[in-house]
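Here the structure is laid out as structure tokens; the discussion comes afterwards.
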Amino acid sequence: MVEYEMMRTLIKDSINHINEEIVVQGWVHSRRDHGGLIFIDLRDHSGLLQLVVNPEKSDCFKISEGLRDEFVISVKGTVKNRDKDLINPKILSGKIELVVEEIEVLNTSESLPISLFSENESSEEQRFKYRYLDLRTNRSQEILKRRAEFYRILRNYMDSNDFTEVTTPVLANSSPEGARDFLVPSRVHPGKFYALPQSPQQFKQLLMVGGLYRYYQIATCFRDEDPRADRLYGDFYHLDIEMSFVSDGEEVRKMTEPLIKDLVLNFAKKKLLFKDIPRISYSEAMDLYGTDKPDLRFDLKLTDVSNIFASSEFSVFRTAIQEGGVVKAINLKKAASKFSRSQIDHYTELATKEGAKGLAYIIMENDELRSPILKFLSEEEINKLKKETNFENGDLIFFGADKKELVNRVLGKVRDKAGDDLGLKDPDVIAIAWIVDFPLYEWNESEQRLDFGHNPFSMPKGGLKALDNQDKLNIVADQYDMVMNGYEICSGAVRNHHPEIMYKVFESIGYQRDFVDKKFGAMVNAFKYGAPPHAGCAFGIDRIFMILLNEDNIREVVAFPKNGSGVDLMMDSPSEVDSAQLKELHLRTIF
RNA sequence: GGGCCCGUAGUGUAGCGGCCUAUCACGUCUCCCUGUCACGGAGAAGAUCGCCGGUUCGAAUCCGGUCGGGCCCGCCA
């Protein structure tokens, strides 16, 4: 007698096993009781198999009458071909069935608190509370398997390119910049804390100093920041990469590109919009798209039209420019007929939510212009506008007039929404680009001081000299992000590996040497002993996986996600601990 | 921390001031049924409409608060 765990195997081999006796185990997927004959669809990880229970087997029949959805059973029976007109083309095993001879209930099931296989999909809250049931669906099973496949591709690629996988500590140190840390109190050292790393940044750089040629890790990262649909709470995964003897970010970009292309083309089976992945500077991205993570599946661009309206009669435009701001336009080609008045109002709403005072627009239909601001615009201005923005019949232009940063942000959002509303985001297409040359510093308006733009460990282009001579806000770092369909999926940099430049970079925004020594002691010390130039990056694995699977919520692609408040509804974590545990950790309860 | 939206039998929904003693489907329970595969048929049980308070002659429905959930802003070097 053959024992089968896998029905898929059974299906493949069924030709050879017709009339053989076999044993299968699985879940009762559904039961159809005809009174004198019972059909059961048995389900395991590989699919469905129909069982037939005849009344002559009175013991089996009795048991079968009591079976309910999701009972776990073990069945012995004979594989039979179905008659031609009884074949079910909807299931893989539809040509055969198992005529039951013995049946044993291995476990029962209460009726389910969520619906698994019907058309009513239960709420996310319910599904995640009962995630162990939700995982039984085809969709979940598929996601788990695809994720394993995804990991395998990452590892194969890295391994075959001389990268060494190194596991770095999870109990690490709190870092002063960046996200909020998860702290872990030390029992042995009263009053001291570990922190769970936001990324293995410092460890991987120390590996470079340690002589490792190339490093990678599928690294767990921990950040205590509020989640979003595309951002997990708590822990998430990086493909973390670092390469020694690299002084130009281009080397990292060239190294990682083929992997991402392979994932798009062969893993996700999607179209890649740009075969040669473009490099777009941060400032260009902000100018053209109003964001540093543009969705490049569609080609809408912002145009600076300040020169046209510098002395306009329309005071909103004129004043904005006089006060050092800009006027920019985005021409939504052929959108005029597609947008109703109320839809345009939605854009205005979006703009004001972002801080704009309003959102001027102008429409050209049947050679006629329509706009609330039309009376303020001269013919010359209109003509120049037509020329500079390719403004034609059927087009709709939105304007932003304010400080440059605000205008970019607002029109960037407008651009993104227009991409949705005009159906320009093809789900089968992936557009990838590198955004390069991020500013090392940025101006913190609320605190009126300089801050690090992206991360404090990148090498300023031009080194020490740049730090001495240039206007700080003009200093560019060899720092790069990869964007995919409007999501940031990777961030990296050529690292600052000279102690003197490290000190200087911090000093420029008011941190003294001892601050650097205290907070980044290991790194800055290590750099004193022949640190090789090095560069790297980190890809957000969960997010890439989400995009490639066309999911719009990142929690869907994780086995056991936490909800929007950082709660694991299934495990009910975080939870209280008893006072003895707190005492041992030298903590007192605050309640 | 802030804004917007949601909360109705086990599950998904309808109802959005009186026709509500709350709709429908799935599930559950009882009975019938020997070829179904979303089996079919007959019947039954199951909801103090998240919770508290208010307005009203009257509240699932309107208002306030609160709890829970979602999306967004802040935050995410």
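Order of the sequence lines fixes the chain letters, A, B, ..., with proteins taken first and strands second; residue numbering starts at 1 for each chain.
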Taking donor-acceptor contacts at under 3.5 Å, does the side chain of [X] reach the base of [N]?
X: A:Arg228; N: B:G74; value: yes
X: A:Arg32; N: B:C33; value: no
X: A:Gln50; N: B:U36; value: yes
X: A:Arg82; N: B:U36; value: yes
X: A:Arg223; N: B:C76; value: no

Watson-Crick/G-U partner (both atom distances under 3.5 Å) of [N]:
N: B:C37; value: none
N: B:U28; value: B:A44
N: B:U66; value: B:G50
N: B:A9; value: none
N: B:C75; value: none
N: B:U23; value: none

Quick one: are A:Pro460 and A:Ile501 in side-chain contact, heavy atoms under 4.5 Å?
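Side chain of A:Pro460 against side chain of A:Ile501, heavy atoms only: contact under 4.5 Å found.
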[X] [atom1] - [N] [atom2] separation (whole Å):
X: A:Leu37; N: B:G40; atom1: CG; atom2: P; answer: 16 Å
X: A:Asp33; N: B:U30; atom1: CG; atom2: P; answer: 11 Å
X: A:Arg31; N: B:C33; atom1: CZ; atom2: P; answer: 15 Å
X: A:Phe128; N: B:G68; atom1: CZ; atom2: P; answer: 19 Å

For A:Tyr282 and A:Phe438, take the angle between the two ring planes, folded into 0 to 90°, and tell me which bin it lands in: parallel under 30, tilted 30 to 60, perpendicular over 60.
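Ring orientation, 0 to 90° scale: tilted.
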Parallel, tilted or perpendicular, as decided by the 30° and 60° cut-offs, for the rings of A:Tyr511 and A:Phe515:
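If you compare the ring of A:Phe515 with that of A:Tyr511, the planes turn out parallel.
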Considering only heavy atoms, which members of residues 407-422 of chain A lie under 4.0 Å from some atom of RNA chain B?
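Correct list: A:Lys413.
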If we require ring centres under 5.5 Å and near-parallel planes under 30°, does A:His34 stack on B:C39?
yes
Looking at [X] and [Y], does any basic side-chain N land under 4.0 Å from a carboxylate oxygen?
X: A:Asp235; Y: A:Lys562; value: yes
X: A:Arg543; Y: A:Glu488; value: no
X: A:Glu65; Y: A:Arg31; value: no

Distance to the ring centre below 6.0 angstrom and angle to the axis at most 45 degrees; does that hold for A:Arg513 and A:Tyr503?
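Here A:Arg513 passes the 6.0 Å and 45° test against A:Tyr503.
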A:Asp471: what forms a side-chain contact (heavy atoms from CB on, under 4.5 Å) with it, not counting sequence neighbours?
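Applying side-chain contact (heavy atoms from CB on, under 4.5 Å) to A:Asp471 gives A:Leu473, A:Asn474.
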Looking at the rings of A:Phe520 and A:Phe457, which for Trp means the six-membered one, are their centres under 6.0 Å apart?
yes
Before we go on, tell me: are the rings of A:His498 and A:Phe527 under 6.0 Å apart, centre to centre?
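No, they do not, as the ring centres are separated by 6.0 Å or more.
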Using the P atom as the reference point in each nucleotide, state the distance between B:C26 and B:G43 in Å, no decimals.
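That atom pair is separated by 14 Å.
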Between N or O atoms, less than 3.5 Å apart, protein on one side and nucleotides 1-10 of chain B on the other: list the pairs.
none

5' precedence on RNA chain B between A:Ser199 and A:Ser123 (nearest-nucleotide basis):
A:Ser123
With nearest nucleotide decided by heavy atoms, which residue, A:Asn455 or A:Leu569, maps closer to the 5′ end of RNA chain B?
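Its nearest nucleotide lies further toward 5', so the answer is A:Leu569.
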